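What follows is a short report on a single structure.
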Amino acid sequence: MAKKLKILIFPDPRLRKVAEKVSKFDKSLQNLADDMLHTMYEAKGIGLAATQVDHHIRLVVMDLSEDRNEPRVFVNPSYKVLKNHNLFEFEEGCLSIPGFNETISRPDKIELKWQDINGKEHTDEPEGLLTVCIQHEIDHLEGKLMVDYVSALKRDRVRSKLLKDYRR
Ligand code: GNR
Ligand code: NI
């Protein structure tokens with residue numbers, strides 16, 4: 001059975017770690033991906049990076065489908081911004097920053113590379129929400145968060161609020 005993992009909340013310093021490349025495509029990777037998908041569905045998110053559940057490896061799960069029945073796994077994802085891109089504004093949320101929504105501008109045309117759970121390599125030029133979401137998730141793997149795109153004043157307000165609400 002899949003386990004529900006604890007999602008780290010900003011400003012937990014573990015969210016700032018840079019994730020390591022995955023090189024072993026074994027049962028424990030599969031188990032972590034399953035646990036992350038379960039955790040993402042329980043939290044009603046559309047994506048989750050391993051960093052958010054305190055595993056500092058380059059693993060992302062996602063489900064962008066209406067019916068929540070199209071789980072996807074991205075191992076070692078990376079992207080290049082295409083030359084003919086435009087900036088696309090989208091209101092984002094983050095399971096590690098509950099209650100905070102902000103419109104973020106990101107490039108709308110990327111070449112995405114990743115490996116699947118078996119280590120097989122894939123390349124795609126995604127469209128729409130996947131483009132936004134994978135950039136958000138790869139930011140997590142680099143220790144970067146949505147709050148880094150807003151003013152220091154706003155970031156400090158969010159930090160104080162979450163420290164109060166999620167005091168350990
Ligand atoms: O559930 C999520 N929704 C979302 C909406 C807009 C842009 C990105 C996202 S990802 C987020 C889940 C999350 O925090 N992933 O890291
Ligand atoms: Ni997030």
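Throughout, numbering of the chain's residues begins at 1 and tracks the sequence. Atoms within each ligand, like the ligands themselves, are counted from 1 in listed order. All values reported here derive from a predicted model rather than from experimental measurement.
A donor-acceptor contact under 3.5 angstrom links the side chains of Ser65 and Asp63, judged on distance only. For Glu92 and His136, the side-chain atoms include at least one donor-acceptor pair closer than 3.5 Å. A donor-acceptor contact under 3.5 angstrom links the side chains of Tyr149 and Arg106, judged on distance only.
The single protein non-hydrogen atom nearest to atom 15 (N) of ligand 1 is Glu137 OE2, 2.8 Å, given as residue, atom name and distance. Annotation: atom 3 (N) of ligand 1 to nearest protein heavy atom, Ile46 CG1, 3.3 Å. For atom 12 (C) of ligand 1, the nearest non-hydrogen atom of the protein is Gly47 O, 3.2 Å. Closest to atom 8 (C) of ligand 1 among all protein heavy atoms lies His136 ND1, 3.7 Å. Distance from atom 14 (O) of ligand 1 to its nearest protein heavy atom, with residue and atom name: Leu95 N, 2.8 Å. Counting protein heavy atoms only, atom 11 (C) of ligand 1 is closest to Gly93 O, 3.5 Å.
Every atom of ligand 1 is numbered from 1 in the order shown, and the set under 4.0 Å from a heavy atom of Gly45 is 1 (O). Proximity to Cys94 (heavy-atom distance under 4.0 Å) selects the following atoms of ligand 1: 14 (O).
Between Glu142 and Arg58 there is a salt bridge, since at least one side-chain N of the basic residue sits less than 4.0 Å from a carboxylate O of the acidic one.
Thr123 contributes atom OG1, which lies 8.0 Å from atom CG of Leu112 (distance to the nearest 0.5 angstrom).
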Residue pair Asp139, Gln135: steps toward the side-chain hydrogen bond (donor to acceptor under 3.5 Å, both in side chains) verdict: CA-CA 6 Å; Asp139 274 357; Gln135 290 181 58; over 6 Å; no

Chi angles and distances behind the side chain to side chain contact (heavy atoms under 4.5 Å, CB included) call for Leu15, Leu145: CA-CA 8 Å; Leu15 287 168; Leu145 295 164; 4.3 Å; yes

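Centred on the Ni ion (ligand 2), the NE2 atom of His136 and the SG atom of Cys94 lie at an angle of 110°, reported to 10°.
Checking only distances, His140 does come within under 3.5 Å of ligand 1, N or O to N or O. Between Lys44 and ligand 1, a contact under 3.5 Å exists for no N or O pair.
Note on His140: its N/O/S atom closest to the Ni ion (ligand 2) is NE2.
Within 6.0 Å of the CD atom in Glu91, the count of heavy atoms belonging to other residues, nucleotides or ligands exceeds 12.
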